[in-house]
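A note on names: the letters A, B, ... follow the listed sequences, proteins ahead of strands, and every chain is numbered from 1.
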Protein chains: 2
Amino acid sequence: MRPEDALERFEVFLRNKKLRMTRPRRDILLSAWETHSHFTAEEMFSWVQQRDSNAARATVYRTLNLLVEGKFLASMNNGQGTQLYEHILGHTHHDHMICRGCNRVLEFRSEEIERLQEEIAEQNNFQLVHHVLRLEGYCPKCRTAQSESA
Amino acid sequence: MRPEDALERFEVFLRNKKLRMTRPRRDILLSAWETHSHFTAEEMFSWVQQRDSNAARATVYRTLNLLVEGKFLASMNNGQGTQLYEHILGHTHHDHMICRGCNRVLEFRSEEIERLQEEIAEQNNFQLVHHVLRLEGYCPKCRTAQSESA
DNA sequence: CTAGTTGCAAAGGATTTGCAACTGA
DNA sequence: TCAGTTGCAAATCCTTTGCAACTAG
């Protein structure tokens, strides 16, 4: 989805909640759409510093939460206590592999795993709302670097 | 595995690392083995308060980290920024369903999912070290409570 | 005009760390 | 003995919150 479209949807979302579109909110949404990978709140903070809004850290956190609530962004944690965000509107669901060497995030999707998860939930009479699947290890690059230094 | 056996292994582990067995460490390991479910560092802290060692919060954290390192415990986060621990020595690997209503943790294991994960890692030339699979939603009880109140 | 938003700094929760006093082998 | 351990409080990291000054509609 193009940034302008996301922005428009965000405006609708805000209007429905009787909230206002502001400069910091606009800048944060646009920055989120300008990256095609995963980012932290802190990174977002530094990006909006470079735009002209100069949004405060608190505003960044507040807006990120708003965007997650509106399903514009998905959040996940990196396994060390920090949240990572990515824009999802118009993207299909996927899971992640995280490299312990370089922190790179790789995406994957497995219909089969998705289906099995639903099956398991059903078998346990568990109402599935969300799932987290993260593979941790070493990406091809770091894997090579590792075996070379060994 | 019985508590005494775990304790013995812990002693071996410590000896190999030239570390010492102490009263707080013993109490923490035993407390971990006395529960058959998942616990937080804070819960562990309150348990050791009740034993005679009176270990400090810092000691609890330090020892939990040590036990995770030695693979006596596994840690996972609850999705809200707190670590949960469980003893694993002598237990087979499993994944978790977490109830958003009552925070209860249910365990499950799917050979098929395990296999698929390995397959995906391999396809991506990713060296799999660890994975996190957490299903979030509502357990049978909370699910019922929810639909009744609706 | 005025409810909603912001920036700031302070508070919060979970966890780690520095350090002097202790203690197990 | 003495390297390793502890308790304590302070520090850290990430995130949220209180509040008075602002601003979008």
Any side chain to side chain donor-acceptor pair (under 3.5 Å) pairs touching residues 8-18 of chain B, not counting sequence neighbours? B:Lys17-B:Glu69

Tell me if the CD atom of B:Glu107 is crowded by more than 12 foreign heavy atoms within 6.0 Å. yes

If only side-chain N and O atoms of B:Arg25 are considered, is one of them under 4.0 Å from the OP1 or OP2 phosphate oxygen of D:dT5? yes

Does any N or O in the side chain of A:Asn78 come within less than 3.5 Å of the main-chain N or O of A:Thr82, such that one atom is a donor and the other an acceptor? yes

Nearest whole Å is fine: how far is D:dT23 C1' from A:Arg26 CZ? 13 Å

Are B:Val105 and A:Leu133 connected in the hydrophobic side-chain network, where two residues link if heavy atoms are under 4.5 Å apart? no

Does B:His91 have any side-chain contact (heavy atoms from CB on, under 4.5 Å) partners at least two apart in sequence or in another chain, and if so, which? B:His87

For DNA chain C, find the residues of residues 6-13 of chain B with a heavy-atom distance under 4.0 Å and give them by number; none if there aren't any. none

Axis-to-axis angle across the helix from C:dC1-D:dG25 to C:dA25-D:dT1, five pairs each end, nearest 10 degrees, ~ 30°

Ignoring hydrogens and geometry, is there a side-chain-to-backbone donor-acceptor pair from A:Asp5 to A:Met1 under 3.5 Å? no

Looking at B:Tyr138, is B:Arg143 sitting on its ring face, NZ or CZ under 6.0 Å from the six-membered ring centre and within 45 degrees of the normal? no

Within the supplied structure, the quantity of interest is the number of heavy atoms (other residues, nucleotides, ligands) at a distance under 6.0 Å from A:Glu34 CD; does it exceed 12? yes

For B:Arg115, is there an ion pair with B:Glu119 - N to carboxylate O distance below 4.0 angstrom? yes

Would you say a side-chain N or O of B:Thr22 is under 4.0 Å from OP1 or OP2 of D:dG4? no

Please walk me through it: do B:Phe45 and B:Tyr61 pass ring pair (Phe, Tyr, Trp, His ring centres under 6.0 Å)? CA-CA 9 Å; B:Phe45 177 62; B:Tyr61 278 99; 8.8 Å; no

Report the C-alpha distance between A:His131 and A:His93 in whole Å, list the side-chain angles of each, state the deciding distance to 0.1 Å, and finish with yes or no for ring pair (Phe, Tyr, Trp, His ring centres under 6.0 Å). CA-CA 11 Å; A:His131 76 256; A:His93 165 76; 4.7 Å; yes

At their closest point, which heavy atom of B:Arg25 faces which heavy atom of B:Phe10, and how far apart are they? O-CE2, 3.8 Å

Base versus backbone protein contacts along nucleotides 7-15 of chain D [heavy-atom cut-off under 4.0 Å; B, S, -]: BB-----SB

Restricting to nitrogen or oxygen on both sides, can you table the protein-nucleotides 10-12 of chain C pairs closer than 3.5 Å?
none

Taken to the nearest whole Å, CE/A:Met21 to P/C:dT6 is 10 Å

From CZ (A:Phe108) to CD1 (B:Ile120), nearest 0.5 Å: 4.5 Å

I need the CG-P distance between A:Leu19 and C:dT6, as an integer number of Å. 10 Å

